[in-house]
Protein chains: 2
Amino acid sequence: MRILLVEDDAEVARFVKKGLQEAGHVVEHAANGRDGLFLAASEQFDLLVLDRMLPGGVDGVRLVETLRSQGSRTPVLFLSALSAVDERVRGLKAGGDDYLVKPFAFAELLARVEALGRRPATDAPTTKLRVADLELDLLSRTVTRGGKRVEVQPREFRLLEHLMRHAGQVVTRTMLLEKVWDYHFDPQTNVIDVHVSRLRQKLDKGFDKPLIHTVRNAGYMIRAD
Amino acid sequence: MRILLVEDDAEVARFVKKGLQEAGHVVEHAANGRDGLFLAASEQFDLLVLDRMLPGGVDGVRLVETLRSQGSRTPVLFLSALSAVDERVRGLKAGGDDYLVKPFAFAELLARVEALGRRPATDAPTTKLRVADLELDLLSRTVTRGGKRVEVQPREFRLLEHLMRHAGQVVTRTMLLEKVWDYHFDPQTNVIDVHVSRLRQKLDKGFDKPLIHTVRNAGYMIRAD
DNA sequence: GAGCCACGATGCGCATCCTGCTGGTCGAGG
DNA sequence: CCTCGACCAGCAGGATGCGCATCGTGGCTC
């Protein structure tokens, strides 16, 4: 399970991150709301664990509201020292799915994390992938960047889908050949380069922030960076 | 929202039921685990609010485990006087989605109820259409009849999708031309007949129950009949 | 029962579209 | 400065989807 932890208290962050990793989850950490929002918007997570109060203008509630307004449905678990009922209600109203008061027992955090992670896996097979302002709709087989429709060929679609499903991670040529082309050997040509190039023309041209990045001698990566 | 409340304490039950109803929900109440399980298994609810400890053999945890083992995914919120971390973890591990310790503020219960109810309602844009044993998966653009994959061309797929979205209703040729072909005139040919014919060959051949029915001088209709 | 009309099946050809390769260029890194 | 990997424009082969024409069939009407 890919979890994004947004927590400014380094001590708490280390403790939570370590525990979740030991439970077999992949954890990204952001120390403030701005970075958290950026990561949440650009990569795909199964769950967000947010401190309710964060430095830097963007606090937890604000972060969730922003994400929800962009159509994101990723479950959110709030952590907070604010234990008043009103505060808890506010967090849930903003779009949070759960609210845990500090100090908490790690076992309970873990149980709640897994309770939340359980849901989306079962219902709702992901129908949209998103990286920054790039959106791929599995249902309509449609791609939009910045809200504008982009025409994409079938193979390009598969390629993009695969990149987006691994947003923020390097995808090797071999993986692409296997998963997108069903080749189990090296075709000794530059098929991949060509298709990546075509995708770039359609997705990145006209935008100053390129999303598809080359990782020399390794492969490609899609990211909002 | 249809909510099932399973709570043996009459006082608490009355209080919770009233509050939820005032918030616009429909509430069924069961006073013990046995009745609760029966109701939960026989009717459709959007959420279960369960007391953790119940009289009559079937307690909250047991109830959830039973439901989950039957494949039910209805969200569950536990209420309990047992506040120990271990107890809370047990409840969540059993398949609960949230856990609220008594005594609680009603505002918080309501917020959590609505947080739980939010998810399934909002996501899940229909991804599958079904008529009898015929299934069309919008996500994978795949058609199966009786569990067996059927290969279908794009245009045929659109045609079938349109028929299935109006299952049980007659679909006129004009409608089909408009919606499936984007024609706004009569092509004076038998395009439709041809495609319906092809669909039939793929879907109905080899099954004794045809699904696609001709309605003379009107159009076509898909139906399990 | 004959004729008519709506619908059903099949084969073919066209056109479009997609895809992968070639070959030359660019640029980063050593 | 050199080399190797990556990038891109153009091209051509190929598959495939699609619609039309034609012929066949079955039901409704008179």
Side-chain angles (χ1 to χ4, degrees), chain A residues 141-143 149-163 170-207 210-223 225, chain B residues 141-143 150-163 170-207 210-223:
Chain A
R141 304 247 141 193
T142 275
V143 179
R149 174 75 179 271
V150 177
E151 293 299 335
V152 166
Q153 304 295 23
R155 177 124 294 160
E156 290 163 11
F157 188 92
R158 289 180 65 181
L159 171 57
L160 182 58
E161 177 182 349
H162 197 259
L163 286 172
V170 176
V171 179
T172 68
R173 286 159 179 277
T174 318
M175 281 165 63
L176 289 175
L177 285 176
E178 291 261 343
K179 301 298 184 182
V180 178
W181 273 265
D182 300 315
Y183 285 179
H184 299 278
F185 54 91
D186 185 344
Q188 310 275 15
T189 68
N190 64 346
V191 217
I192 294 185
D193 305 55
V194 170
H195 280 266
V196 169
S197 163
R198 286 180 183 151
L199 260 188
R200 278 203 173 113
Q201 297 234 334
K202 298 183 178 183
L203 300 181
D204 284 345
K205 196 150 75 176
F207 295 84
L211 296 178
I212 303 178
H213 303 276
T214 304
V215 183
R216 269 217 151 206
N217 298 316
Y220 297 92
M221 176 168 61
I222 201 164
R223 187 147 79 151
D225 192 354
Chain B
R141 303 246 142 195
T142 277
V143 178
V150 177
E151 294 298 335
V152 166
Q153 303 294 24
R155 175 123 299 156
E156 292 164 12
F157 189 92
R158 289 180 66 182
L159 171 58
L160 181 58
E161 178 182 349
H162 197 259
L163 287 171
V170 177
V171 179
T172 68
R173 287 161 176 274
T174 319
M175 280 165 65
L176 289 174
L177 286 175
E178 292 261 344
K179 301 296 185 184
V180 178
W181 274 265
D182 300 316
Y183 285 180
H184 300 280
F185 55 92
D186 185 344
Q188 310 275 14
T189 68
N190 64 344
V191 219
I192 294 185
D193 305 54
V194 169
H195 281 266
V196 169
S197 162
R198 288 181 181 150
L199 261 188
R200 277 201 175 116
Q201 297 234 335
K202 298 183 179 183
L203 300 180
D204 285 344
K205 197 150 73 177
F207 295 85
L211 297 178
I212 302 178
H213 304 275
T214 305
V215 184
R216 268 216 150 205
N217 299 316
Y220 297 92
M221 176 168 60
I222 201 163
R223 188 151 74 153

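Numbers restart at 1 for each chain; the letters A, B, ... are given by sequence-line order, proteins then strands.
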Residue pair [X] / [Y], side-chain heavy-atom distance below 4.5 Å:
X         : Y         : value
Arg200(A) : Lys205(A) : no
Trp181(A) : Arg155(A) : yes
Arg141(A) : Val152(A) : no
Tyr220(A) : Val215(A) : no
Lys202(B) : Gln153(B) : yes

Measure from [atom1] on [X] to [atom2] on [N] and round the result to the nearest Å.
X         : N       : atom1 : atom2 : result
Lys205(A) : dA9(D)  : NZ    : C1'   : 11 Å
Asp193(B) : dT10(C) : CG    : C1'   : 13 Å
Phe157(A) : dC17(C) : CZ    : P     : 19 Å
Leu159(A) : dC7(D)  : CG    : P     : 12 Å
Asp204(B) : dG8(C)  : CG    : P     : 12 Å
His213(B) : dC7(C)  : NE2   : P     : 16 Å
Arg200(B) : dT10(C) : CZ    : C1'   : 16 Å
Leu203(B) : dA9(C)  : CG    : P     : 12 Å

Is [X] close enough to [N] that one of its side-chain N or O atoms is under 4.0 Å from OP1 or OP2 there?
X         : N       : result
Gln201(A) : dA9(D)  : yes
Arg216(B) : dC28(D) : no
Ser197(A) : dA6(D)  : no

NA contact type, Tyr220(A), heavy-atom cut-off 4.0 Å: base, sugar-phosphate, or nothing?
sugar-phosphate

Could you encode protein contacts along nucleotides 11-23 of chain D as a string, one character per nucleotide from 5' to 3', using B for base contact, S for sugar-phosphate-only contact and - for no contact, with a heavy-atom cut-off of under 4.0 Å?
------SSBBBB-

From the options Asp193(B), Asp186(B), Asn190(B), select the one residue that forms a side-chain hydrogen bond (donor to acceptor under 3.5 Å, both in side chains) with Arg173(B).
Asp193(B)

Nearest heavy-atom pair of Thr142(B) and Phe157(B): which atoms, and what distance?
N-CE1, 3.8 Å

